[in-house]
> 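Below you will find the structure I want to go over with you.
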Number of protein chains: 2
Amino acid sequence: MTKYEKQIYDIVNASRQHMTADQVYGELQKIYPAVSRATVYNNLNKLCDLGMIRRLPLEDSPDRYDRIEKHDHLVCQKCGKLSDICFDDLTQSLKDQFGEAFLYYDLKVFYICPDCRNAQSSKPSI
Amino acid sequence: MTKYEKQIYDIVNASRQHMTADQVYGELQKIYPAVSRATVYNNLNKLCDLGMIRRLPLEDSPDRYDRIEKHDHLVCQKCGKLSDICFDDLTQSLKDQFGEAFLYYDLKVFYICPDCRNAQSSKPSI
DNA sequence: TTTTTGATTTAGAACTGTTCTAATAAATTT
DNA sequence: AAATTTATTAGAACAGTTCTAAATCAAAAA
């Protein structure tokens with residue numbers, strides 16, 4: 001594991017979650033100012049392949065990278081903000097259904113976040 | 001609703017599911033040979049905004065467009081093939097948790113499809 | 001009808017996020 | 001230390017999608 005790989009792993013895990021490749025690049029530059037964007041993508045891909053981090057593909061937005069620990073995501077339809085949720089675990093049920101073939105699942109729950117709801121409701125409705 | 005919008009809606013709903021924008025474009029060209037790619041994107045976006053079709057963002061693959069009817073997706077990690085599944089509905093549980101703020105959810109189950117499993121196991125293991 | 005208005009479509013340029021390439025540097029093995 | 005492998009770099013290339021500005025179409029108004 002190279003210093004970059006390790007550092008990128010730490011950044012994705014430690015920082016506020018759901019970082020874009022570019023945000024990871026920004027953080028990494030603070031430590032290694034000469035690092036290249038390619039290194040960030042290379043290592044993010046490698047870490048994903050190794051199953052050490054997860055990639056979250058989203059609509060209209062670059063991929064996010066997240067810690068592997070099992071949790072689901074809440075996505076605000078209005079502002080796009082992501083948050084973590086711990087929803088009832090579906091793993092057992094999926095294992096029952098698909099046996100060994102089952103690998104993992106990705107659950108995104110779309111909603112309107114409290115901030116956006118407040119912004120809406122504070123406007124006069126007529 | 002314009003003829004293109006209607007036609008694109010029909011293509012997404014009628015055809016084998018999970019079409020890419022390009023596949024939709026291909027189908028639409030059979031009917032309107034002069035149609036432009038921009039029209040396809042414009043109308044797919046409009047239909048998504050209207051909630052008449054859904055967009056499925058995937059890793060390493062262009063977005064797919066799908067009928068709106070509630071169902072979940074099974075994605076082969078090896079070959080990328082998508083299939084539909086009807087998993088236990090989580091809607092009520094999510095409504096209980098998030099109330100009116102809840103909109104919808106997207107569940108993708110990753111697995112190794114039967115074809116890929118067979119391809120693997122038929123290779124000698126030593 | 002014609003005219004006006006607004007929405008839709010078009011072609012292709014532009015853009016964004018990501019991957020690729022070929023050269024360089026670093027690490028590891030011999 | 002020489003040879004080999006692996007990682008990194010800069011920037012070009014690429015794919016998918018959006019944008020732009022002109023052209024066309026459709027509906028409503030005159």
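Remember, it's a predicted structure, so these values are computed and weren't measured experimentally. Quick note on labels: first sequence line is chain A, next is B, and so on, each numbered from 1.
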> Between B/Q23 (CD) and D/dA15 (P), how many Å, whole number?
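After rounding, the gap between these two atoms is 16 Å.
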
> Nearest whole angstrom, please: distance from the P of C/dT8 to the CG of B/D49.
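My rounded result for the distance is 13 Å.
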
> Quick check: B/Y111 with A/F102 (ring centres under 6.0 Å apart)?
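No; B/Y111 has its ring centre 6.0 Å or more from that of A/F102.
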
> How many Å lie between CG on B/D22 and P on D/dT17, as a whole number?
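My rounded result for the distance is 8 Å.
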
> Salt-bridged, A/D106 to A/K108, with N to O below 4.0 Å?
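Judged by the 4.0 Å cut-off on N to carboxylate O distance, A/D106 and A/K108 do form a salt bridge.
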
> Taking for each residue the nucleotide of DNA chain D with the nearest heavy atom, is it B/A21 or B/K3 whose nucleotide lies nearer the 5' end?
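Its nearest nucleotide lies further toward 5', so the answer is B/A21.
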
> Report yes if at least one side-chain N or O of B/Y41 is closer than 4.0 Å to OP1 or OP2 of C/dT9; otherwise report no.
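The answer is no; no side-chain N or O of B/Y41 sits under 4.0 Å from OP1 or OP2.
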
> When you measure from the side-chain N and O atoms of B/N42 to the phosphate of D/dT18, is any distance below 4.0 Å, counting only OP1 and OP2?
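No, outside the criterion.
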
> Can you figure out which of D/dT17, C/dT10, C/dG17 approaches the side chain of A/P62 most closely?
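Nucleotide nearest to A/P62's side chain: C/dG17.
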
> Which residue in the set B/R55, B/H71, B/R54 passes side chain to side chain donor-acceptor pair (under 3.5 Å) when paired with B/D66?
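Only one of B/R55, B/H71, B/R54 forms a side chain to side chain donor-acceptor pair (under 3.5 Å) with B/D66, namely B/H71.
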
> Between A/L28 and A/V40, is there a side-chain heavy-atom distance shorter than 4.5 Å?
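Yes, their side chains come closer than 4.5 Å.
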
> From D/dT8, D/dT18, C/dG12, pick the nucleotide closest to the side chain of A/T39?
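Out of D/dT8, D/dT18, C/dG12, the nucleotide with an atom closest to A/T39's side chain is D/dT8.
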
> Calculate the interatomic distance between A/M1 atom CE and D/dT8 atom P; express it in whole Å.
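Interatomic distance, CE of A/M1 to P of D/dT8: 11 Å.
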
> Taking atom P of D/dT9 as reference, at what distance in whole Å does atom CD of A/E5 sit?
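Atom CD in A/E5 sits about 14 Å away from atom P in D/dT9.
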
> Step through it carefully: locate the ring centre of A/Y32, locate the ring centre of A/Y4, and say whether they are under 6.0 Å apart.
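Here the rings of A/Y4 and A/Y32 have centres that are less than 6.0 Å from each other.
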
> Measure from the side-chain heavy atoms of B/Y4 and tell me the nearest of C/dT9, D/dT8, C/dG12.
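Selected nucleotide (nearest to the side chain): C/dT9.
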
> Answer yes or no: does a side-chain N or O of B/T2 lie under 4.0 Å from OP1 or OP2 of D/dC25?
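The answer is no; no side-chain N or O of B/T2 sits under 4.0 Å from OP1 or OP2.
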
> For the pair made of CG in B/N45 and P in C/dA7, what is the distance, rounded to whole Å?
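It is 18 Å, rounded to the nearest whole Å.
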
> Starting from the 5' end of DNA chain D, give me the residue, B/R64 or A/V35, whose nearest nucleotide shows up first.
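By nearest-heavy-atom nucleotide position, the 5'-most residue is A/V35.
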
> Can you check whether B/S36 has a side-chain N or O nearer than 4.0 Å to OP1 or OP2 of C/dT9?
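Answer is no, no contact under 4.0 Å.
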
> Quick one: A/L58 CG to D/dG16 P, roughly how many Å, whole number?
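Roughly 18 Å, once rounded to whole Å.
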
> Tell me whether the side-chain N/O atoms of B/K46 come closer than 4.0 Å to OP1 or OP2 in C/dA7.
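False: B/K46 side-chain N/O out of range (4.0 Å or more) of C/dA7 OP1/OP2.
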
> Just how far, in rounded Å, is C1' of D/dT17 from CG of B/D63?
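Going from B/D63 (CG) to D/dT17 (C1'), I get 9 Å.
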
